Trainee: 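So that we are looking at the same thing, I have put the structure below in structure tokens.
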Amino acid sequence: MEQDIYSNGSDHMERMLLFAFLAESSGCEFREQLPSLQSQGVLCSVKDALCYDSDGELQTDGNRSGHLQNGELVPDPEVNEAIVRTIAAQLAEIGDQLDKQIKAKVVNDLVQHFLNENLPREEITRCLSQAVEGLARAIPSDLEQEKAMLVLAMLLTKKVANQMPSLLQRVFSTTVNYISQHFHNYIVRMLRE
């Protein structure tokens, strides 16, 4: 099992959002594999509050996750699963509208990067980021930039996993990492609205 599939809990809402997005998206050909993300520790339920640290150790101490801001830990808001599912469904609808505009070459190139097990996590995240940014520039959209890029990242996850279901865990974890780095504050704002 890959090291990068474990979570320290700080990306919990990103994991929940991506999981719900994939579950709500039409044309998700690997839907029956989604529960495997929970059983293998890639996704944690709020109710269970079980997460794995970077060493693969189960963390059940109840500590709240957070992000550093100005050198201080700022706790993440409580995550309401129903709100996450509602937002994910809305984002999935947008993704379904954008789906046909994504060229197969973009997806094929990403699949090749994900298949290369010698590529470090940071390099694969960079490739995903470049693909998202390129698509955001190429696809005319009346969406705000952050929302468009968030949807595109999640949509690319679906398309890569549809093409190569064996990559589900790796692409899921990489996308969560990317989303957490670039859209964490945006997601927090969406959950508060």
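Below, all heavy atoms of this structure are taken into account, side chains as well, without hydrogens, waters or symmetry copies. The shown structure was predicted, so the numbers you read here are calculated from the model rather than taken from an experiment.
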Trainee: Before giving the answer on side chain to side chain contact (heavy atoms under 4.5 Å, CB included), spell out for Glu146 and Arg189 the whole-Å C-alpha distance, their side-chain angles and the decisive distance to 0.1 Å.
Mentor: CA-CA 12 Å; Glu146 285 180 302; Arg189 286 193 308 272; 2.9 Å; yes
Trainee: How close do Ile87 and Leu191 get, heavy atom to heavy atom, and via which atoms?
Mentor: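 For Ile87 versus Leu191, the nearest heavy atoms are CD1-CD2, 3.6 Å.
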Trainee: Is a donor from one side chain sitting under 3.5 angstrom from an acceptor on the other, for Gln181 and Asn177?
Mentor: yes
Trainee: Picking from Val171, Ile124, Leu128, what satisfies side chain to side chain contact (heavy atoms under 4.5 Å, CB included) with Leu110?
Mentor: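 When Val171, Ile124, Leu128 are each tested with Leu110, the side chain to side chain contact (heavy atoms under 4.5 Å, CB included) holds only for Leu128.
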Trainee: Minimum heavy-atom separation for Leu119 and Arg170, please, with both atom names.
Mentor: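 Distance-wise, the nearest heavy atoms are O-NH2, 3.3 Å.
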Trainee: Before you tell me yes or no, could you show the steps for Leu37 and Arg15 under side chain to side chain contact (heavy atoms under 4.5 Å, CB included), namely the whole-Å CA-CA distance, both residues' side-chain angles and the distance that decides it to 0.1 Å?
Mentor: CA-CA 10 Å; Leu37 294 173; Arg15 287 176 182 276; over 6 Å; no
Trainee: Ignoring hydrogens and angles, tell me if any N or O in the side chain of Ser180 forms a donor-acceptor pair with the backbone of Val176 under 3.5 Å.
Mentor: no
Trainee: How long is the straight-line distance from CG of Leu156 back to OG1 of Thr175, given to the nearest 0.5 Å?
Mentor: 8.0 Å
Trainee: Indicate yes or no for a side-chain donor-acceptor contact from Arg31 to the backbone of Ser25 under 3.5 Å, with no hydrogens or angles considered.
Mentor: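 Side chain of Arg31 to backbone of Ser25, a donor-acceptor pair under 3.5 Å: yes, one is there.
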Trainee: Calculate, to the nearest 0.5 Å, the distance between atoms CD and OG1 belonging to Glu122 and Thr125 respectively.
Mentor: 7.0 Å
Trainee: For Leu152 and Val132, which heavy atoms make the closest approach, and how far apart are they?
Mentor: CD1-O, 4.0 Å
Trainee: Is Glu123 close to Asn116 at the side-chain level, that is, under 4.5 Å between some pair of heavy atoms?
Mentor: no
Trainee: Can you measure from CE (Met154) to CD1 (Ile179) and round to the nearest 0.5 angstrom?
Mentor: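 Output value for this atom pair is 5.5 Å.
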Trainee: Checking Thr86 side chain against Ala82 main chain: does a donor-acceptor pair fall under 3.5 Å?
Mentor: yes
Trainee: Any side-chain to backbone donor/acceptor pair from Asn80 onto Ile83? Under 3.5 Å, distance only.
Mentor: yes
Trainee: Would you say Lys147 and Leu91 make side-chain contact, with heavy atoms under 4.5 Å?
Mentor: yes
Trainee: Please report the interatomic distance CE(Met149) to OH(Tyr178), rounded to the nearest 0.5 Å.
Mentor: 4.0 Å
Trainee: Quick one, Phe21 with Thr157, criterion side chain to side chain contact (heavy atoms under 4.5 Å, CB included). Give me CA distance, side-chain angles, the key distance, then yes/no.
Mentor: CA-CA 10 Å; Phe21 175 91; Thr157 300; over 6 Å; no
Trainee: Looking only at heavy atoms, what is the nearest atom pair of Gly95 and Leu155, with distance?
Mentor: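 Minimum heavy-atom contact is O-CD2, 3.5 Å.
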Trainee: Do the side chain of Arg121 and the main chain of Thr174 share a donor and acceptor less than 3.5 angstrom apart?
Mentor: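 Checked: no pair found.
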Trainee: So how far is it from Arg85 CZ to Phe19 CZ, rounded to the nearest 0.5 Å?
Mentor: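 If I round to the nearest 0.5 Å, the distance is 10.5 Å.
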Trainee: How close do Val106 and Ala131 get, heavy atom to heavy atom, and via which atoms?
Mentor: CG1-CB, 4.1 Å
Trainee: Set out, in order, the CA-CA distance, both residues' side-chain angles and the distance that settles salt bridge (Lys or Arg N to Asp or Glu O under 4.0 Å) for Lys158 and Asp96, then state yes or no.
Mentor: CA-CA 11 Å; Lys158 179 182 89 170; Asp96 291 345; 3.8 Å; yes
Trainee: Please determine whether side chain to side chain contact (heavy atoms under 4.5 Å, CB included) holds for the pair Lys159 and Val111, giving the CA-CA distance in whole Å, both sets of side-chain angles, and the decisive distance to 0.1 Å.
Mentor: CA-CA 9 Å; Lys159 292 180 88 59; Val111 166; over 6 Å; no
Trainee: Can you tell me how far the CG atom of Asn162 sits from the CG atom of Leu167, to the nearest 0.5 Å?
Mentor: 11.5 Å
Trainee: Does the side chain of Glu24 come within less than 4.5 Å of Gln90's, by heavy atoms?
Mentor: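 Heavy-atom side-chain distance check fails, nothing below 4.5 Å.
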